[in-house]
Amino acid sequence: MSYKIAIDGPASSGKSTVAKIIAKNNDLVFISTGYLFRAYALILRNNNLLESTPDAVISFLQKRMIEVKNERLFIDGKDYTNESKSEQISDFASDLATKDYIRAYYNHVVQEMIENMNVVMDGRDIGTIIMPNANLKIYLTASITERARRRTKELKELGKKVSFYKIWLDICKRDYVDKHRKIAPLKKAKDAILIKTNKKSIQEVVDAIQKHINNTRKVEK
Ligand code: C5P
């Protein structure tokens, strides 16, 4: 029987950083679903599909090969990691994620991928929609200021020129869009464990989650 962990939360709440460590320590596959929406955004923008019909968009997406290897995003074999992290693509991904046909396609792709897989998956709708029966659900949050600080650091490390205040505003806007969209809005699943990461180190968050894994996996065995 497979073991599945859902980690949800707003932008830059530390989901991927933590999920990656959890995956390594527990021999689980790590999937960060945000990369898919970023890939869809890049594909649509780079191929002038912004005005196309849903059918044309989906049929185009079906022919693309999207891969995430060692935290790098490849589309048809080309590395788009840096471009995928731009604020323009972040915004566009968030807009696309509100569209019913994009979400229907994404749900299908992801659910097929994780069947029978031991996995830790992060996103916005993992505990609520994608894996409602996950063995463990975590909801990570941090204040907007703390998340903007982390995101500024991350982008600077990628060599990008960024303004903290612009990032802060972008995060506010993305939170609003993600939480208020009609389909699969970002929210804590009723049975998810809430962890506020503001004053916690990465290791402290990992340790807190590991305790829950040890409890739930024991029950599984
Ligand atoms: O996680 P990340 O910031 O890379 O995600 C980019 C965007 O993709 C988010 O702002 C959100 O709108 C969308 N997303 C989503 N559902 C997911 C993962 C990401 O709607 N499961």
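Not measured: the values here are computed from a predicted model.
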Determine, for Tyr3 and Arg217, whether the Lys NZ or Arg CZ falls below 6.0 Å from the six-membered ring centre while staying within 45 degrees of the axis. yes

Asp79 side chain to Thr81 side chain, donor-acceptor N/O pair below 3.5 angstrom: yes

Where do Phe92 and Leu44 come nearest, in terms of heavy atoms and distance? CE2-CB, 4.2 Å

Which residue, Val119, Thr216, Ile213, forms the side chain to side chain contact (heavy atoms under 4.5 Å, CB included) with Ile5? Ile213

When you measure from the side chain of Asp178 to the backbone of Leu186, do you find a donor-acceptor pair of N or O atoms at a distance under 3.5 Å? no

On a heavy-atom basis, the closest approach of Ile126 and Ile7 is CG1-O, 4.4 Å

Considering only heavy atoms from C-beta outward, does the side chain of Glu112 approach that of His108 to under 4.5 Å? yes

Would you say Leu140 and Leu194 are hydrophobically clustered, going by side-chain heavy atoms of ILVMFWY under 4.5 Å? no

Any donor-acceptor pair under 3.5 Å from Lys187 side chain to Thr128 backbone: no

May I ask you to decide whether Lys166 forms a salt bridge with Glu87, counting only side-chain N to carboxylate O separations under 4.0 Å? no

Does the pair Glu146/Arg150 count as a salt bridge with the N-to-O cut at 4.0 Å? yes

Applying side-chain contact (heavy atoms from CB on, under 4.5 Å) to Val206 and Ile22, what does each step give before you reach the verdict? CA-CA 7 Å; Val206 167; Ile22 293 289; 4.0 Å; yes

Can you tell if the side chain of Asn118 reaches within under 4.5 Å of the side chain of Asn26, non-hydrogen atoms only? no

Please examine the side chains of Arg38 and Tyr80, heavy atoms only from C-beta on, and report whether any two atoms are closer than 4.5 Å. no

Same cluster for Tyr105 and Met121 if Ile/Leu/Val/Met/Phe/Trp/Tyr side chains link at under 4.5 Å? yes

Using 30° and 60° as the class limits, which term best fits the ring planes of Tyr40 and Phe37: parallel, tilted or perpendicular? perpendicular

Starting at CE of Met113, measure out to CD1 of Ile130 and round the result to the nearest 0.5 Å. 9.0 Å

Measuring from atom CD1 of Ile102 to atom CG of Asn107, what distance do you get when rounded to the nearest 0.5 angstrom? 11.5 Å

Could you go through the side-chain contact (heavy atoms from CB on, under 4.5 Å) check for Ile129 and Ile183 one step at a time? CA-CA 10 Å; Ile129 308 278; Ile183 314 164; over 6 Å; no

Is any side-chain heavy atom of Ile66 closer than 4.5 Å to a side-chain heavy atom of Leu73? yes

Whether Lys137 side chain and Pro132 backbone form a donor-acceptor pair below 3.5 Å: yes

Taking ring pair (Phe, Tyr, Trp, His ring centres under 6.0 Å) as the test, write out the residues that go with Phe60, two or more places apart. none

Show your reasoning for whether side-chain contact (heavy atoms from CB on, under 4.5 Å) applies to Leu36 and Ile31. CA-CA 10 Å; Leu36 289 176; Ile31 300 173; 5.9 Å; no

With rounding to the nearest 0.5 angstrom, report the OG1 to CD distance, Thr152 to Glu157. 11.0 Å

Might you point out which heavy atoms bring Pro185 and Arg181 nearest each other, and give the distance in Å? CB-O, 3.4 Å

Return the minimal non-hydrogen interatomic distance between Lys85 and Ser90, and the atom names on each side. O-OG, 3.9 Å

If you link ILVMFWY side chains whenever their heavy atoms are less than 4.5 Å apart, which other residues fall into the same cluster as Met65? By chain and number, please. none

ILVMFWY network linking Val18 to Ile193, side-chain heavy atoms under 4.5 angstrom: yes

Pairwise distance OG1(Thr141) to CG(Asn198) - rounded to 0.5 angstrom: 7.5 Å

Separation between OG (Ser94) and OH (Tyr176), nearest 0.5 Å, reads 12.5 Å

When clusters are formed by joining ILVMFWY residues with side-chain heavy atoms under 4.5 Å apart, either directly or through shared neighbours, do Val29 and Ile209 land in the same one? no

Would you find a donor on one side and an acceptor on the other, under 3.5 Å apart, between the side chain of Lys160 and the backbone of Leu155? no

Taking the side chain as everything from C-beta on, heavy atoms only, tell me whether Leu61 gets closer than 4.5 Å to Ile43. yes

I'd like to check Arg174 versus Asp91 (side-chain heavy atoms, cut-off strictly below 4.5 Å). Are they in contact? yes

One thing to verify: whether Glu83 and Arg45 come together as a salt bridge, which I'm taking to mean a side-chain N less than 4.0 angstrom from a carboxylate O. yes

Mark yes or no for whether Ser32, through its side chain, and Tyr35, through its backbone, hold a donor-acceptor pair below 3.5 Å. no

With rounding to the nearest 0.5 angstrom, report the CD1 to OG distance, Ile89 to Ser84. 8.0 Å

Cluster check Val68, Leu96: I/L/V/M/F/W/Y, side chain < 4.5 angstrom: yes

What are the two closest non-hydrogen atoms of Arg147 and Pro10, and how far apart are they? NH1-CB, 3.2 Å

Answer yes or no: does atom CD of Glu51 have more than 12 heavy-atom neighbours from other residues, nucleotides or ligands under 6.0 Å? no

Any chance CG of Leu158 has more than 12 other-residue heavy atoms, nucleotides or ligands included, within less than 6.0 Å? yes

Residues Asp125, Arg103: salt bridge by 4.0 Å N-O rule: yes

Check: Lys4 side chain, Met117 main-chain N or O, donor-acceptor pair, under 3.5 Å: yes

Which atom of Val120 lies closest to which atom of Ala19, heavy atoms considered: CG1-O, 3.5 Å

